[in-house]
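Notes to accompany the following structure.
One-based numbering, in listed order, for ligands and for the atoms of each.
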Amino acid sequence: MKRILVTGSYGQIGTELIGALRKKYGGENVIATGRKKAPDILTADGPYYRLDALDMNDLQNQLVDYDIDVVIHNVSILSGAGEQNPQLAWETNVQSAYNVLEAVRILGLNQVMIPSSIAAFGPSTPRENTPNDVIMRPTTMYGITKVAIELLGEYYTRKFNVDFRSLRYPGIISSEALPGGGTTDYAVAIFYEAIKNKRYTSFLSKDTRLPMMYMPDCIKSTIDLIEADAKKLVHRTFNVTAVSFTPEELANEIKKIIPDFQIDYKPDFHQAIADSWPKSIDDSVARKEWGWKPDYDLPSMTKDMIKKLKAKLSAPGK
Ligand code: SER
């Protein structure tokens, strides 16, 4: 049995990952943490504690007090927000990851998972079917922090035998918690607007293709990598993906279910960020080393997302 502590647990991924982890490992064995007051969803079936991962003393105390084996460090400032405040993004993303890796090393914990992103790639990376091992020269602060974290984690594995693992998540589409400050956020906002107002203005141009994944696949990839046999891992950082689409293709899929939905396009500063990222990802290394395989494609994701969000938005108080 594992005891897992998750940082940044009220974020887009954390909010749904916590529930899935508690189902698998038991409510009491999954400690949700964050800097804010906990939303109800995180306290319903297990503990939530305040934790700022920049506070090394508090971090180590909580890892000891709650007898933690595995840390999932989800704290991150995303790409768009990182360009608005690059200094804060560096401090938040890199310093907290360094603290977590150090704490895991000092306390001899079993495993640490820190997400990376498609943002770790840059304009000089081949943009179609981007391989796992390829040139990485990102031009956003968010991407730079993610490359730093990947390299630091892999250094801790080589040098100190820390069991570091990382997934380069693509854009994640989900119905529970909103993402904040990312470039792929349009692919979540579009669903809310389609259901509420039947209109959406995209901040990316209609033909901006980006790799994406539905939340159930994001959760599956995360748990599968945590559970993967360390002896089979040649790599420590893995590309994962499910689908790649453009805003126009997503809008057309939504129109199949909401026929009077309309979209227009007003690209803003996010466009330059998206243009520096891969259009599609080769995740064959993850498939080979730990059996990664997504369940959702564009039509099945769109259908499920609209169903879930309609139910959520029609609930009392929404
Ligand atoms: N969803 C992230 C972003 O757009 C990509 O990792 O910043």
Applying a heavy-atom cut-off of 4.0 Å, say which part of S79 lies close to ligand 1: side chain, backbone, both or neither. both
Which atoms from ligand 1 have a heavy atom of W277 less than 4.0 Å away? 3 (C), 4 (O), 5 (C), 7 (O)
Pair Q62, T33: side-chain N/O donor-acceptor within cut-off below 3.5 Å: no
Does Y186 approach ligand 1 within less than 4.0 angstrom via side chain, backbone, both or neither, non-hydrogen atoms only? neither
For the atom pair OG1 (T222) and NZ (K220), what is the distance rounded to the nearest 0.5 Å? 11.5 Å
Backbone or side-chain N or O of T183 under 3.5 Å from ligand 1 N or O: yes
Give the numbers and elements of all ligand 1 atoms closer than 4.0 Å to a heavy atom of S117. 5 (C), 6 (O)
Basic-acidic side-chain contact under 4.0 Å: D163, R236: yes
Between Y49 and Y66, is the ring centre distance below 6.0 Å? yes
Residue, atom name and distance, where the atom is the protein heavy atom closest to atom 1 (N) of ligand 1: T184 OG1, 2.7 Å
Taking E150 first and then R168, would you say they form a salt bridge - that is, a charged N and a carboxylate O separated by under 4.0 Å? yes
